[in-house]
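Below is one structure, written out as structure tokens; the observations come after it.
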Amino acid sequence: MTKVTVNKSARQENDELAAVIRQRLAEHGVLTLNLVSSPGSGKTSLLERTVRDLSGELRLATIVGDVQTERDAERLREAGALLVQPITTGGLCHLDARMVTAALERLDPESLDILLIENVGNLVCPSSYDLGEDMKVVIISVTEGDDKPLKYPGMFRRSSLMVINKTDLLDHCDFEMDAVVTNARKVNGNIESLAVSCRSGEGLDSWYDWLRTQHERKRRKEPA
Amino acid sequence: MHEFDLARSILDIVNQEASSRGLQPMAVEITVGRMSDVVPEALSFALDTQAAERGLVGVTFNMCPVPVTMLCRRCGHEYEVADSDFTCSGCRSTDVEMISGDELEVATIEFEDRPCETSQETPYEDTV
């Protein structure tokens with residue numbers, strides 16, 4: 001018997017594709033965000049509002065992953081996204097770089113400012129698949145419980161921003177804003193956080209400002 | 001269920017290594033970090049069920065769990081994380097980096113010392 005040291009990552013193929021995506025989008029200064037959350041936290045609502053409110057100012061395109069149906073993509077088309085590329089994963093629990101590569105064939109990076117990739121609603125599997133994004137943004141809603149970051153540390157550790165959604169329901173939930181931020185920072189000391197309500201519009205301005213700042217940095221090729 | 005997808009990548013790596021050496025693989029060691037979002041039992045099951053159709057018969061897959069090890073950038077303390085609190089166990093700083101614990105790798109492969117009997121080509125078509 002001969003024992004050979006290999007040390008090859010099982011994610012290597014995905015990571016290589018992701019690197020190609022990242023480089024291609026960086027050449028055109030496109031800010032690329034991978035939006036992750038559990039199902040029902042309001043990813044599509046956040047994107048819908050964002051597209052509706054910022055379309056006159058920034059050129060936004062979306063890639064939307066859904067296990068079944070194109071309902072989310074339909075909502076974003078109606079909101080006026082420059083381009084909506086749906087990916088129906090057919091049961092697969094996450095998007096991977098191969099799917100995004102295929103979706104990007106129909107997008108022209110030169111005509112874009114921001115690419116928003118809506119991942120499949122799942123706080124486990126999507127966290128370790130690099131899609132070539134600049135950053136992951138994790139969305140959590142106040143109905144989910146403020147201990148989510150501790151229960152799904154991988155996702156919160158790999159995310160740069162936590163958007164806390166549905167703040168209009170705070171009075172009806174045992175959700176402590178301070179607790180969720182503290183828990184997220186135990187997992188990831190660098191994570192930023194924002195509180196919004198897609199329903200009432202509260203806090204969305206700070207999300208838009210964050211997007212503008214990140215896009216400007218990307219355009220100037222400054223580190224995030 | 002992403003373990004099935006990852007198992008396929010692992011089997012591809014094993015096949016590539018085997019065919020480049022022309023040797024029959026016998027045992028594969030896989031390092032699974034605790035933060036790799038992979039359940040070792042599920043990966044093991046996925047490997048066992050897909051190995052034969054990828055031409056790898058009689059190969060043993062061994063999972064080697066890797067704990068999460070962090071390094072504090074402020075005080076230099078190196079420590080393991082067993083739960084979800086990644087802050088430095090020495091000085092409570094949050095300015096920390098992960099040294100290990102998120103890997104998912106084919107670490108080693110043991111080969112039989114006689115050449116593979118079958119063709120050196122990988123014995124399947126990648127249809128994806």
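The sequence lines fix the lettering, A, B, ..., with proteins before strands; numbering per chain opens at 1.
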Part of B/Val38 lying under 4.5 Å from any heavy atom of chain A | side chain
Look up atom NZ in A/Lys8 and atom CD in B/Gln16, then write down how far apart they are to the nearest 0.5 Å.
-> 6.0 Å
Which one of B/Asp37, B/Thr87, B/Thr94 has the most heavy-atom pairs closer than 4.5 Å to chain A?
-> B/Asp37
Check the pair A/His94, B/Asp5 against side chain to side chain contact (heavy atoms under 4.5 Å, CB included), reporting the backbone distance first and the verdict last.
-> CA-CA 11 Å; A/His94 60 272; B/Asp5 189 38; 3.8 Å; yes
Would one find more than 12 heavy atoms of other residues, nucleotides or ligands at under 6.0 Å from atom CD of B/Glu112?
-> yes
Which atoms of B/Asp85 come close to chain A, meaning under 4.5 Å heavy atom to heavy atom: side chain ones, backbone ones, both, or neither?
-> both
Rounded to the nearest 0.5 Å, how far does CG of A/Asn7 lie from OG1 of B/Thr31?
-> 7.0 Å
Measuring from A/Asn190:CG to B/Glu97:CD, what's the distance to the nearest 0.5 Å?
-> 11.0 Å
Would you say B/Asp83 has more than 12 foreign heavy atoms packed within less than 6.0 Å of its CG?
-> yes
Side chain, backbone, both or neither of B/Ser93 within contact of chain A (heavy atoms, under 4.5 Å) = neither
Which heavy atom in B/Val96 sits nearest to a heavy atom in A/Arg157, and how many Å separate them?
-> O-NH2, 3.9 Å
Does any heavy atom of chain B fall under 4.5 Å from the side chain of A/Tyr129, the backbone, both, or neither of them?
-> side chain
Flag yes if more than 12 heavy atoms outside A/Asp178 fall under 6.0 Å of its CG atom; otherwise flag no.
-> no
The reported gap from CG in B/Asp12 to CD in A/Gln12 (rounded to nearest 0.5 angstrom) is 11.0 Å
Could you tell me whether the side chain of B/Met35 reaches within less than 4.5 Å of the side chain of A/Pro153, counting heavy atoms only?
-> yes
For B/Glu103, is it the side chain, the backbone, both, or neither that has a heavy atom closer than 4.5 Å to a heavy atom of chain A?
-> neither
Write down the atom of B/Ile13, the atom of A/Ala10, and the distance for their closest heavy-atom approach.
-> CD1-CA, 4.2 Å
Step by step, work out the side chain to side chain contact (heavy atoms under 4.5 Å, CB included) result for B/Asp102 and A/Arg158.
-> CA-CA 11 Å; B/Asp102 63 357; A/Arg158 295 183 184 103; 3.7 Å; yes
CD of B/Glu105 to OG1 of A/Thr5: how many Å apart, nearest 0.5 Å?
-> 11.0 Å
NZ of A/Lys186 to CZ of B/Arg92, rounded to nearest 0.5 Å, is 8.0 Å
